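Computed from a predicted structure; not experimentally measured. Position 1 is the first residue of the sequence, and the numbers go up from there. Counting convention: from 1, in listed order, for ligands and their atoms alike.
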Amino acid sequence: MTQHQRLLIIDFGSQVTQLIARRLRELNVYCEIHPYNKVDDAFLQSFAPQAVILSGGPDSVTRQGSPRAPEALWSFGVPVLGICYGQQTMMQQLGGLVEHGHGTAEFGRAFVTPTAESLSILDGWFADGREQVWMSHGDHVSKIAPGFQVYGTSPNAPFAVTADPARHFYAVQFHPEVHHTPKGAKLYENFVRLAGFTGDWTMGLYREQAIAAIRQQVGDKKVICALSGGVDSSVTAILIHESIGDQLTCVFVDHGLLRLGEAEQVVAMFRDNYNLNLIHADESELFLGRLEGVSDPERKRKIIGGLFIDVFQKYANGIEGAEFLAQGTLYPDVIESVSFSGGPSVTIKSHHNVGGLPEKMGLKLVEPLRELFKDEVRALGRELGLPASFIGRHPFPGPGLAIRCPGEITVEKLDILRQADAVYIDQIRKHGLYDDIWQAFAAILPMKTVGVMGDGRTYDYAVGLRAVTSVDGMTADTYPFTHDFLGETMTRIINEVKGVNRVFYDITSKPPGTIELE
Ligand code: XMP
């Protein structure tokens, strides 16, 4: 969609391929990840990369039929950087040798020392005579390909860094994209500079080009957008609004499972500040009615997901002539990853989305964030003038408070939960901890316990507090609050929220727990 220099990452299935893309985007270099089996000569020609990176991967190049880079790459005339598996296949394909095992596997921290000659991609390395890197390989290169030289070695990887600078082929055995290779970002920076990248991937440019593309795609037709108030849907809506103004109508479905004051804030922000066509669909009675007496987590999720689609469709049908549905799909959702595990994975939770809607309603999709990672969406939000407090908000799940209220949902419980959550978040903000935490929230537990307040007996609800750090929500660690903080928060919740007499702090990481309680 957009015009800028492009780098191609050929994916061989490494767990950390996305991190390569992150490092490059941080350098304002536009890149895309494509699986090795989709990259052929024609693809290379049409993608027209200015450089190519070969990722790591779990296979062994010594295995018959294992993945290879397309042969055309070697005569394509652009710089190539091979990482781990990418290094090994580069060596093998160009006439070197890779061997399996023989006690030279290396996992974890290692130190690379330079050989006599310097290499441009290692500029700024070896201040202490060596450099820490992260290794994760079973195979190793035993003979380098003709034309290559060694520029760095480690005890178990004599060919840790090799290159043929004349052809601009570079190969490293370690993973420069992970944080455990502290100067890894510098290696990528050196590589993209020598490949002639000028850092032309900026949010200002993206905004301009995305607006032009939306105008071209939509023409004078109408677009509808499900606005949740989360960062992705908010940025999508504002970007499209900036492109086509009143041709956009947003539908904010209020399922009665939002946090304290949330619906009012979202409506005020978009209607009053942005003057955006916004339908506030207050359907809380419908949702809460259908959820009455339901305590099974998957049933709750299915009811909410199904109703959401019905309600959205009902309002959307009222918007005459709508031909497009806007969605805040992000790049990680569209990366076609190489799966070596086969078989379908287990469903832990049915996530809430509007997946099947476009076909059902005969709508075309507008997805202006498809090329962006989450932090780029935030940067774009800043560029579009969204307030910092909105951009930095913790993620909030589609099913809302329903999954923070294990067991049956009642209006009384939701009320208590909202108030406890508001006090907890206020505490976190007051202590300046909000931005250090990925997600923090209160839950109301499905039990009452006995307590004593003043001279009287109480029999009230227990509230669970959760706070985690995470990079992508896939794994998470508990946030290490001090006892003082937890004590103060407990006191405030019990004093300020009627109906609570006990507070727990959830110390479960993910895995084995999940972030939400259901
Ligand atoms: P779990 O609980 O699966 O959550 O560890 C991981 C992240 O996903 C969010 N989450 C959801 N987000 N729809 C969403 O949009 C959902 O149905 C949903 N369920 C969980 C959760 O808040 C956390 O950030």
Worksheet item: What atoms of ligand 1 come closer than 4.0 angstrom to any heavy atom of Thr514?
Response: 1 (P), 2 (O), 5 (O)
Practice prompt. Only pairs at least two apart or in different chains count here, so list each ring pair (Phe, Tyr, Trp, His ring centres under 6.0 Å) that has a residue in residues 414-433.
Written response: His431-Phe485
Worksheet item: Does an N or O anywhere in Gln439 fall below 3.5 Å from an N or O of ligand 1?
Response: yes
Fill in: His241/Tyr274 aromatic ring centres below 6.0 Å
no
Fill in: Donor-acceptor pair between Gln419 and Glu496 side chains, under 3.5 angstrom
no
Worksheet item: Numbering the atoms of ligand 1 from 1, which are under 4.0 Å from a heavy atom of Lys510?
Response: 1 (P), 3 (O), 5 (O), 6 (C)
Discussion item. I need the atoms of ligand 1 closer than 4.0 Å to a non-hydrogen atom of Gly473, numbered in the order shown.
Written reply: 6 (C)
Discussion item. Would Glu518 count as being in polar contact with ligand 1, using the rule that some N or O on each side must be under 3.5 angstrom apart?
Written reply: no
Report all side-chain donor-acceptor pairs from residues 384-398 shorter than 3.5 Å, counting only partners two or more places apart or in another chain.
| unit_1 | atom_1 | unit_2 | atom_2 | d |
| --- | --- | --- | --- | --- |
| Arg393 | NH2 | Gly229 | O | 2.8 |
| His394 | ND1 | Ala440 | N | 3.2 |
| His394 | NE2 | Tyr434 | O | 3.0 |
| His394 | NE2 | Ile437 | O | 3.0 |

Worksheet item: Contact between His394 and ligand 1, counting heavy atoms under 4.0 Å?
Response: no
Fill in: Thr482 side chain to Asp484 side chain, donor-acceptor N/O pair below 3.5 angstrom
no
Discussion item. Regarding ligand 1, does Ile515 bring an N or O atom to under 3.5 Å of one of the ligand's N or O atoms?
Written reply: yes
Worksheet entry | Atoms of ligand 1, numbered as shown, that sit under 4.0 Å from any heavy atom of Pro399 | 13 (N), 16 (C), 17 (O)
Practice prompt. Report yes or no: is the cationic atom of Arg404 (NZ for Lys, CZ for Arg) under 6.0 Å from the centre of the six-membered ring of Phe441, at an angle within 45° of the ring normal?
Written response: yes
